[in-house]
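Please read the structure below before turning to the comments.
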Amino acid sequence: MTTTSKKLETVIVRFAGDSGDGMQLVGDRFTAATAHVGNDLSTLPDFPAEIRAPAGTPGGVSAFQIHFASRDILTPGDHPNTLVAMNPAALKAHLDALEAGGTLLVNEDAFTPANLRKAGYEANPLEDGTVEDYQTFEVPMTTLTTRATDDIEGLKPAEAQRTKNLFALGLISWMYGRPGKATISWLEAKFASKPAIKEANVAAFKAGYNFGDTAEIAATPIEVGPAPLDAGEYRNINGANATAMGLLAASVKSGLQLFFATYPITPASELLHHLARHNRFGVRTVQAEDEIAAVNMALGASFGGKLGVTATSGPGMDLKAETIALAQVLELPLVVIDVQRAGPSTGLPTKTEQSDLLMAIHGRHGESPLPVIAASTPSGCFDAAVEAARIAVRHRTPVILLSDTFLTNSSEPWRLPSMDDLPEIDPDFAIGPNAGDEFLPYLRDERGARPWAIPGTPGLQHRLGGLEKEHGSGKVSYDPANHALMTKLRAEKLEKLAEELPPLVVDADEGAELLVLGWGSTSGVIGAAARRIRGRGLPIAIAHLRNLEPMPLNTGDVVRSFDKVLIPELNTGQLLSLVRDKFLVDAIGHNKVEGLPILAEELEQAILELIE
C-alpha cells in the first residue's frame with residue numbers, strides 16, 4: 001500500500017512492558033535505525049529496581065524512551081507523543097506521562113482479568129474511559145505474532161509469544177519511517193546459531209511492519225528528516241561506552257597500560273563489560289572480591305606505573321574512602337569513577353540522582369582535598385574521562401569522576417574525535433636522582449606534583465605508606481610543623497590546578513538578570529529550558545560546571561554578576577550549598593529527588609517564576 005507521510009520536526013516514543021518483554025532490546029534497535037536515518041537523538045532507558053519483580057506488576061515494568069528530531073536536541077524529552085504498552089502494568093506505570101491526545105498502542109491480548117488484577121486495575125482501562133483522551137489503538141500483538149510464526153519448524157509456542165516485542169518494533173518502525181533492513185540483518189546475525197528463533201523474530205518484525213501498512217494503524221506514517229550535523233564520522237554511544245572509550249584514549253595518549261579493577265554494582269558494572277572487550281589494547285580488567293579490594297588493586301597498579309582506575313556507585317564510594325585518602329597522601333595517580341544512583345544505601349539502584357557531590361569533595365577523613373569533575377552528557381563522558389586521567393597523571397593525585405545513571409544508560413550521536421586533538425598526557429616518570437646524587441620522592445615541581453618513580457628503577461628506592469612524610473625525603477615524620485606544611489602543600493596542588501582550568505563560560509542574553517547554573521547531567525535540561533525561555537522573548541543566562549573541585553577561578557565573579565542564581569540539581573541542594581558557602585551568593589535551588597531527570601517544562605516553570 002502506498003501512503004503519503006506527515007512530516008514532523010521532533011518525536012518522542014516510549015516503549016513499556018514487563019521486564020521480560022524485551023523493551024530495552026526494542027529501544028536499542030529502534031535507536032540504531034534512527035541513528036541510521038541521521039536524526040539527532042537522545043534516549044532514556046528505565047529499568048525496574050528489582051532483578052526480577054513479579055511479572056505483570058507495575059514494579060516490574062521496564063521502559064525505554066527515545067526523542068529524535070531533524071534538529072539539534074538536548075534531552076530525551078518530557079512527555080512521549082506515542083506510548084507502546086505491552087500489558088496493563090505498563091499502561092498503569094506510564095499512561096500519566098503520555099502527552100494529552102497522544103498515540104497509545106496497547107497489546108490488547110495482555111489485558112486479561114488476571115493481568116488486570118496484578119496491575120491493580122479493578123476494571124479494564126480500555127473499556128472504562130481511562131484512555132478515552134488518547135488516540136488509542138488496541139492491537140492483538142500476541143495473537144498476530146503467533147499467527148506469523150505458526151509455520152516455523154522447531155519453534156515452541158512460548159518462544160513464538162516472546163517475539164511479540166519485535167512485532168511492536170515493526171509496527172512503530174512503519175509508523176515513523178524507520179528502515180527495516182538494518183534490524184533484520186541484526187536479527188539474522190544475532191540468532192544465526194538458532195535458526196528457528198531467528199526466523200521467528202524476523203517474521204514477527206515483518207508482521208508488525210506490514211500490519212501498520214495494511215491496517216492503516218495511523219492516518220499516515222510520520223517522517224522525521226535527518227538533522228544537520230557537522231562533518232565527521234559519527235556513532236551512537238551511551239555514557240558507559242563513552243567513559244570506557246575515554247579511558248582507552250587516555251591510556252594511548254599517556255602510554256600507560258590501563259588497569260581497571262571493580263566490584264559489580266548497579267549502574268557502574270557496564271564499564272567493566274565494555275573494557276573487558278579491549279584486551280587487545282593492553283587493557284587489564286579485574287572483577288575483585290569486594291569494593292575495598294578493587295580500589296586497592298587500582299592504587300597498586302598506579303604504584304607500579306600503570307593507569308589505575310576503579311568504578312562504583314554511592315555505597316561503594318563509602319567503602320573505598322580510606323584507600324582514596326591513602327592515594328591522596330601517597331600522591332599517586334588514581335581515577336575513581338562514581339556512577340551516582342538514588343540513595344542512600346541500596347535506595348533506588350536503577351534510578352538516577354546527583355547526590356554524591358558533597359561526599360566526593362568532603363567524604364574522607366583528615367584534610368584530604370582532591371579534584372572532582374563531572375560529565376554532563378552521554379558523549380561528554382569521553383572527554384571527562386580523558387580529563388580525569390590527565391589531571392590524575394599530571395598532578396599526581398586521585399581524581400573523582402562523577403557520572404550518574406541517566407548519563408551512563410542514555411545515548412546520543414557522537415562525532416569520533418581525532419587522537420591528535422586530545423590533550424597530551426605525559427607521565428614524566430622519574431629516571432634518576434633529582435637532588436644532586438639523591439632521589440627525593442616528595443620534591444615538588446611547579447605544579448606541586450612529586451616525582452613518579454616506577455618500583456625497581458635503579459637508584460630510586462624510596463618508602464611509601466600512609467604515615468605522614470617528611471617534606472622532600474618522604475621519610476616518616478611526626479613533626480608538627482612538617483605535618484602542617486605537608487597538609488598545606490597537598491592543598492596547594494588544587495590551587496595550582498585551578499590556575500590551569502579554562503574559565504567558566506556563560507551563555508547570556510543582553511539584559512539577563514537570572515543565571516541558571518548547573519553541573520553534571522542537568523546540562524541538557526538547562527539548555528532545553530533556556531530555549532523555551534528565549535522562545536518567549538525573555539533574556540536568560542546559563543553556565544555549566546565540569547570542574548567542581550576546584551572550580552574555575554572566575555566562578556565567583558560569574559555568580560555575583562547576576563541578580564538571581566538558580567541551581568537545578570537531582571539532590572536536595574549540594575552545589576547550592578557550595579555556591580552559597582564559597583561565594584556568599586543567595587542562590588536558589590530547584591531540586592528533584594524522585595529518581596528521574598528534571599523535565600524541561602519543570603525547569604521552565606521555575607525560571608518563569610523567578611523572572612516574572
Side-chain angles (χ1 to χ4, degrees), residues 5-16 23-46 63-85 94 97-99 102-105 135 165-166 168-183 186 205 208-209 212 217-218 220-230 232-239 241-242 377-380 406-407 409-415 521 523-525 527-529 531-532 597 599-601:
S5 60
K6 177 183 178 182
K7 292 188 177 183
L8 292 178
E9 186 180 52
T10 178
V11 168
I12 304 170
V13 176
R14 183 180 297 184
F15 301 93
M23 293 297 96
Q24 301 304 319
L25 183 145
V26 165
D28 178 74
R29 288 299 91 205
F30 190 83
T31 300
T34 298
H36 183 77
V37 170
N39 300 134
D40 194 13
L41 63 90
S42 179
T43 68
L44 176 61
D46 184 16
F64 189 103
Q65 182 162 304
I66 175 171
H67 182 193
F68 56 102
S70 59
R71 58 170 175 80
D72 172 51
I73 56 173
L74 302 172
T75 73
D78 289 359
H79 299 287
N81 310 116
T82 296
L83 171 64
V84 180
H94 292 280
L98 184 60
E99 70 171 0
T103 300
L104 174 63
L105 290 170
Q135 187 179 7
N165 62 328
L166 273 300
L169 176 60
L171 177 52
I172 291 294
S173 296
W174 176 85
M175 284 182 64
Y176 291 103
R178 306 294 93 177
K181 184 177 180 180
T183 299
W186 183 86
F205 177 81
Y209 200 98
I217 195 73
T220 58
I222 305 299
E223 179 183 347
V224 180
L229 297 172
D230 294 335
E233 184 178 352
Y234 286 81
R235 61 172 291 181
N236 191 54
I237 198 167
N238 64 20
N241 201 357
T377 65
S379 63
F406 168 71
L407 290 177
N409 291 330
S410 297
S411 63
E412 63 184 0
W414 175 52
R415 186 173 67 169
S521 61
S523 173
V525 71
R531 284 181 179 177
R532 296 185 179 200
L599 301 182
E601 67 178 16

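Since this is a predicted model, take the numbers as computed values, not measurements.
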Where the side chain of Q65 meets the backbone of P76, is there a donor-acceptor pair that is under 3.5 Å apart? yes
E9 side chain vs R71 backbone, donor-acceptor pair below 3.5 Å: no
If you apply the rule side-chain contact (heavy atoms from CB on, under 4.5 Å), what do you find for V37 with F68, and how did you get there? CA-CA 10 Å; V37 170; F68 56 102; over 6 Å; no
Can you see which heavy atom on F406 is nearest to which on P597, and at what distance? CD1-CG, 3.9 Å
Short question: side chain of N39, backbone of G225 - any donor-acceptor pair under 3.5 Å? yes
For E601, does its backbone N or O pair with a side-chain atom of D78 as donor and acceptor, under 3.5 Å? yes
Report the distance from atom CG of D28 to atom CZ of F64, rounding to the nearest 0.5 Å. 6.5 Å
So do the side chains of L74 and R531 get within less than 4.5 Å of each other, counting heavy atoms only? yes
Can you give me the closest heavy-atom contact between A227 and A69, atom names plus distance? CB-O, 3.7 Å
Correct closest heavy-atom pair for H79 and A97 would be ND1-O, 2.9 Å
If you measure from OG on S410 to CD1 on I66, what distance do you get to the nearest 0.5 Å? 11.0 Å
Candidate pair V13 and M175, rule side-chain contact (heavy atoms from CB on, under 4.5 Å), full reasoning: CA-CA 11 Å; V13 176; M175 284 182 64; over 6 Å; no
Determine the sole option in N238, N241, T31, T43 for which the side chain to side chain donor-acceptor pair (under 3.5 Å) test with S411 is passed. T43
If I compare all heavy atoms of L599 with all of G77, which pair ends up nearest, and what's the gap? CD2-O, 4.3 Å
Closest contact, heavy atoms only, S379 versus A242: O-CB, 4.1 Å
Euclidean distance, L169 CG relative to R178 CZ, rounded to 0.5 Å: 11.5 Å
Find the distance between CD (E412) and CG (D40) and round it off to the nearest 0.5 Å. 7.5 Å
Gap separating the CG atom of L25 from the CG atom of L166, nearest 0.5 angstrom: 6.5 Å
Would you find a donor on one side and an acceptor on the other, under 3.5 Å apart, between the side chain of N81 and the backbone of G102? no
Mind listing the closest non-hydrogen atom pair of T377 and S523 along with its distance? CG2-OG, 4.4 Å
Evaluate the criterion side-chain contact (heavy atoms from CB on, under 4.5 Å) for residue pair H94 and D46; output intermediate values, then yes/no. CA-CA 11 Å; H94 292 280; D46 184 16; 4.0 Å; yes
Centroid separation F30 to F15 less than 6.0 Å: yes
Rounding to 0.5 Å, atoms CD (Q24) and CG (N165) come to a distance of 11.5 Å
